[in-house]
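Working notes, structure below.
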Amino acid sequence: MNLLPFYLIVSAFMFFTGVIGVMTRRNAIIVFMSIELMLNSANLTFVAFSSFLGNVSGQVFVFFVMAVAAAEAAVGLAIIISIYRNKMTANIDEINILKW
Amino acid sequence: MEMKDLFYAMPLLIVGGGILLILLIDMFFKGGKKIIPALTFFILLGTAYYSLFTINQLPIGLMPVSEFGLFYGMLSFGGKAHLFYFLFNFGSAIAVLIANDYLKKIETEYSEYYILLLSSVLGMMLIAGSRNLVMIFIGLEQMSISFYALAGYRRKNILSNEAALKYFLLGSFATGFLIYGMAFIFGTAQSMMLIDIFSQTSVLVKNPLFMIGILLFLIGFTFKIAAVPFHMWAPDVYEGSPTSVTALMATVGKAAAFSAILLIFVSVAKMGPNSVFSSMFSVVAVLSMLYGSIAAIAQKDIKRMLAYSSIAHAGYMTIGLAAVNPSGIAGIIFYLVAYTFMNLGAFGIIALLESKEGKFLSIEDYKGLGTRQPFLAASLAIIMFALSGIPPFAGFFGKYYIFLAAIQSGDTWLALVGVLSSVISVYFYLRVVVYMYFSKSDDESAILEISQTGLLAVIASLVLVIAFGLAPGSLIRLISGLI
C-alpha cells in the first residue's frame with residue numbers, strides 16, 4: 001500500500017498550521033515556534049519522498065535543515081532577548097516604531 | 001574529491017579561511033583588533049581580483065556540467081559564478097570601507113562585524129556557485145543568518161533591534177516556503193542536482209506537484225529580492241539597520257538572491273510553458289516597479305526612500321526574467337552590477353554624513369548641502385541621476401538592456417510600464433538634488449569630520465558608476481560571453 005499521500009497530507013496540514021500561526025499569533029516566541037513547525041513539515045515531506053523514492057539525499061537534506069534551524073534559533077532568540085531588554089515586551093504589535 | 005577541487009574552490013577557501021583567521025586574531029591577540037578591518041578588506045579585494053581573472057580560465061560551455069562540477073558536482077567553477085564572486089567580494093570590500101569609521105562613529109566597534117560580514121559573503125558565493133539544491137539552501141541561510149545578526153548589530157538601539165526582529169521573523173518565514181518548495185521539487189524530480197532537474201524539466205512542468213514546488217520556491221526568493229507582494233520587510237529593515245549594514249544587504253544581498261533565481265528559473269523557464277512563468281514574473285515586475293516608485297514619493301527618511309526605490313529596482317530586474325531570453329539575463333546581471341555600485345555609493349554618503357543621534361537621515365537635512373559639502377553633494381547628485389536612469393551613468397544602460405530584452409521578446413508593454421515608472425521615480429530622486437542645491441540649510445553647524453576610508457568607498461563606487469555608464473559595452477560583452 002502506498003502511504004505517500006497520507007504523509008504529504010499530514011505535512012501539508014502541519015505547514016498550514018505553521019503559516020496560520022505566523023499570521024495570527026502576536027508573541028515573537030510563538031511566531032518563531034510556528035516557523036519551526038513549517039520547517040519540520042518540510043522535513044517530513046523530504047523524508048516521505050526520500051523513503052518512497054528510495055533516494056537517500058532527501059534524508060541527508062533533513063539533517064542540514066535541522067542544523068540550520070538550530071543556528072537560526074540561536075540568532076533569533078538572541079534578537080528576541082535583546083529587544084526584550086530594551087522594550088520589556090516580546091509582543092510584535094508593540095514593536096512598531098518603524099513605519100510611515 | 002580531488003586536489004584540483006580545492007584549487008578551483010580557491011575564492012571560497014580564501015574567504016572561509018579568512019573567517020577563521022579573524023576569529024583567532026580576535027581571540028588571541030590583544031593588539032590585533034586594529035588590523036581586522038584592513039585584513040577583511042584585503043581578503044575581499046584579493047578574492048575579487050582572483051575571481052575576476054579566472055572568469056575565462058576554463059571553457060565552461062564545452063564540458064557537461066556534471067563532469068565539470070567541483071566536489072562531486074556540487075559547485076561550479078568559473079564563468080557566471082566567478083562574475084558573481086567578483087561582484088559580491090568587491091561590493092563587500094566597499095562596504096567594509098564604509099563600515100570602518102561608521103562603526104566608530106556609532107560607538108559599536110566590535111570585530112564580530114567583520115566576521116559576520118565575511119560569513120555572509122561566503123554564503124552568497126555558495127549560492128552563486130551552487131549546482132545542487134542543498135548548496136542553495138545552505139548558502140542562502142548562511143547569508144541570511146549573518147544578515148539577521150548584522151541588522152541588530154546596534155543592540156542598544158531600539159530601531160536596530162526592531163529591524164533585526166522583523167527581518168528575522170519574515171526571513172525565516174520565507175525560508176519555510178523555500179524548503180517546502182524544495183521538498184516538492186526533490187520529490188518530483190527525484191534528485192537534488194540542478195543538472196538532473198533541468199534535464200527533465202520539459203516532462204516535470206506537466207506535474208502539478210513540481211509546479212507547486214517551483215511556486216513556493218519563487219515565493220521564498222521573491223521575499224529575498226524584496227519584490228511585491230513580499231516586500232513589506234524591506235523599508236523597515238533598511239531604515240532600522242545600521243547604514244553600513246543596509247549598504248551591504250541592499251546591494252550584494254539582493255544580487256545573491258538574484259543569482260539563485262537565475263540559476264533555477266532561467267533553465268526551467270526555457271523548457272517549460274513560457275507563458276506561466278513569464279506572466280507571473282510580469283505581474284511581480286509591474287507591481288514592484290509602480291508600488292516602489294509611488295510609495296517612495298511619500299517618504300521623509302532617505303534610507304526608507306532608497307528602500308522603496310530598491311523595491312522598484314527589483315521590479316526592473318524582474319522584467320529581464322519575464323522576457324526569458326539571453327539578452328534579458330545579460331541585462332539582469334548588468335543591472336545588478338550597476339545597482340550594487342549606485343546603492344553602495346548612496347548609502348556610503350549617508351553613512352559619512354550621519355551622526356550618532358541620527359542627523360542626516362531625514363531628506364530635509366540635506367538642504368543646502370551643496371555649499372557645505374560640495375564634493376559629497378556632487379557625488380550624491382550623480383548617484384541620484386544614475387539611480388533614476390539618466391544617461392550617461394550606469395543606471396541608464398542597466399534599464400536600457402532590460403527594456404531592450406523585453407521588447408525583443410515581444411513584451412513591449414512591460415518596457416513601457418518600466419519607462420513610466422522611471423519617470424515617476426525621477427521626482428523623488430531629484431528632490432534630494434533640489435534640496436541640496438536650491439534650498440538653504442536651517443542649520444549651519446559644521447558637519448562632523450569626514451572619514452577618509454568612507455570617502456574612498458564613495459569615490460570607488462562613483463568611478464564605477466560613471467565608467468559603466470560611459471563604456472557599458474565591455475561589461476555587457478563580458479556578461480554575454482558567459483551565458
Side-chain angles (χ1 to χ4, degrees), chain A residues 4 8 11-12 14-15 18-19 22-23 28 31-32 34-50 52-55 57-58 60-65 67-69 71-87 90 92 95-100, chain B residues 132-135 137-138 140-142 144-149 151-152 155-184 186-188 190-193 209 213 216 235-240 295 298-301 304 308:
Chain A
L4 181 66
L8 293 187
S11 66
M14 275 169 73
F15 186 78
V19 172
V22 173
M23 302 277 191
V31 171
F32 182 51
S34 305
I35 290 169
E36 292 290 309
L37 193 62
M38 288 166 66
L39 298 188
N40 283 329
S41 82
N43 283 351
L44 185 59
T45 318
F46 262 117
V47 173
F49 273 128
S50 182
F52 172 70
L53 300 169
N55 183 339
S57 54
V60 174
F61 191 96
V62 170
F63 283 104
F64 281 103
V65 175
V68 165
E72 216 169 44
V75 170
L77 292 177
I79 290 170
I80 295 173
I81 288 172
S82 84
I83 203 160
Y84 188 80
R85 281 189 184 146
N86 281 335
K87 279 203 89 156
I92 48 179
I95 301 164
N96 56 1
I97 308 171
L98 292 166
K99 64 181 170 215
W100 60 316
Chain B
N132 189 301
L133 290 179
V134 182
M135 297 300 294
F137 171 69
I138 299 282
L140 187 77
E141 282 304 288
Q142 185 168 4
S144 301
I145 292 175
S146 312
F147 279 168
Y148 304 150
R155 61 192 159 87
K156 300 273 168 59
N157 181 307
I158 189 78
L159 292 179
S160 178
N161 280 332
E162 188 177 329
L165 183 70
K166 283 180 173 167
Y167 195 22
F168 164 70
L169 288 180
L170 291 168
S172 31
F173 186 50
T175 305
F177 282 98
L178 188 78
I179 304 176
Y180 199 50
M182 280 183 180
F184 283 119
F186 165 69
T188 47
Q190 312 198 3
S191 172
M192 292 282 195
M193 302 302 283
L209 273 186
L216 288 167
D236 288 354
V237 173
Y238 287 10
E239 182 186 347
Q299 301 311 318
K300 295 188 176 67
D301 185 292
R304 207 172 173 81
Y308 278 105

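Residue numbers start from 1 in every chain, and the chains themselves are labelled A, B, ... in the order their sequence lines are given, proteins ahead of strands. Fair warning: this is a prediction, and the values are worked out from it, not measured in the lab. FYI, side chains are in, hydrogens and waters are out, and symmetry mates aren't considered; it's all heavy atoms of this structure.
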Of all heavy-atom pairs between [X] and [Y], which one has the smallest distance, and what is that distance?
X	Y	result
Ile145(B)	Ala71(A)	CD1-CB, 4.0 Å
Ile158(B)	Asn86(A)	CD1-CB, 3.7 Å
Asn161(B)	Ser82(A)	OD1-OG, 3.0 Å
Ala183(B)	Ala42(A)	CB-O, 4.0 Å

Counting only heavy atoms closer than 4.5 Å, note whether [X] contacts chain B via side chain, backbone, both or neither.
X	answer
Val60(A)	neither
Met14(A)	neither
Ala12(A)	both
Ser50(A)	both
Leu37(A)	neither
Ile79(A)	side chain

Go through [options] and name the one with the most non-hydrogen pairs under 4.5 angstrom from chain A.
options	result
Ser172(B), Gly181(B), Gly176(B)	Ser172(B)
Gly152(B), Ala164(B), Ser160(B), Ser191(B)	Ala164(B)
Leu159(B), Leu178(B), Leu170(B)	Leu159(B)

Taking it one step at a time, do Ile92(A) and Leu165(B) satisfy side-chain contact (heavy atoms from CB on, under 4.5 Å)?
CA-CA 9 Å; Ile92(A) 48 179; Leu165(B) 183 70; 4.0 Å; yes
In sequence, state the C-alpha distance, the side-chain angles, and the governing distance for Phe49(A) and Thr188(B), and then conclude on side-chain contact (heavy atoms from CB on, under 4.5 Å).
CA-CA 9 Å; Phe49(A) 273 128; Thr188(B) 47; 5.6 Å; no
Ring centroid separation for Phe186(B) and Phe46(A), is it under 6.0 angstrom?
yes
Rounded to the nearest 0.5 Å, what separates atom [atom1] in [X] from atom [atom2] in [Y]?
X	Y	atom1	atom2	value
Ile179(B)	Phe15(A)	CD1	CZ	9.5 Å
Phe168(B)	Phe32(A)	CZ	CZ	4.0 Å
Gln190(B)	Ser57(A)	CD	OG	10.0 Å
Phe177(B)	Met38(A)	CZ	CE	4.5 Å
Tyr180(B)	Thr45(A)	OH	OG1	4.5 Å

Per-residue contact mode, Lys300(B) against chain A (heavy atom under 4.5 angstrom)
neither
Is Phe137(B) in contact with chain A via its backbone, its side chain, both, or neither, using a 4.5 Å heavy-atom distance?
side chain
Test log, rule side-chain contact (heavy atoms from CB on, under 4.5 Å), inputs Phe64(A) and Glu141(B)
CA-CA 11 Å; Phe64(A) 281 103; Glu141(B) 282 304 288; over 6 Å; no
Holding to side chain to side chain donor-acceptor pair (under 3.5 Å), I want the full list of residues that pass it with Ser41(A), two or more places apart in sequence or in another chain.
none
Return the set of residues passing side chain to side chain donor-acceptor pair (under 3.5 Å) with Ser144(B) (not counting sequence neighbours), or none when no residue passes.
Lys224(B)
Under a 4.5 Å cutoff for heavy-atom pairs, which residue among Leu8(A), Val65(A), Val31(A), Ile80(A) has the most contacts with chain B?
Val65(A)
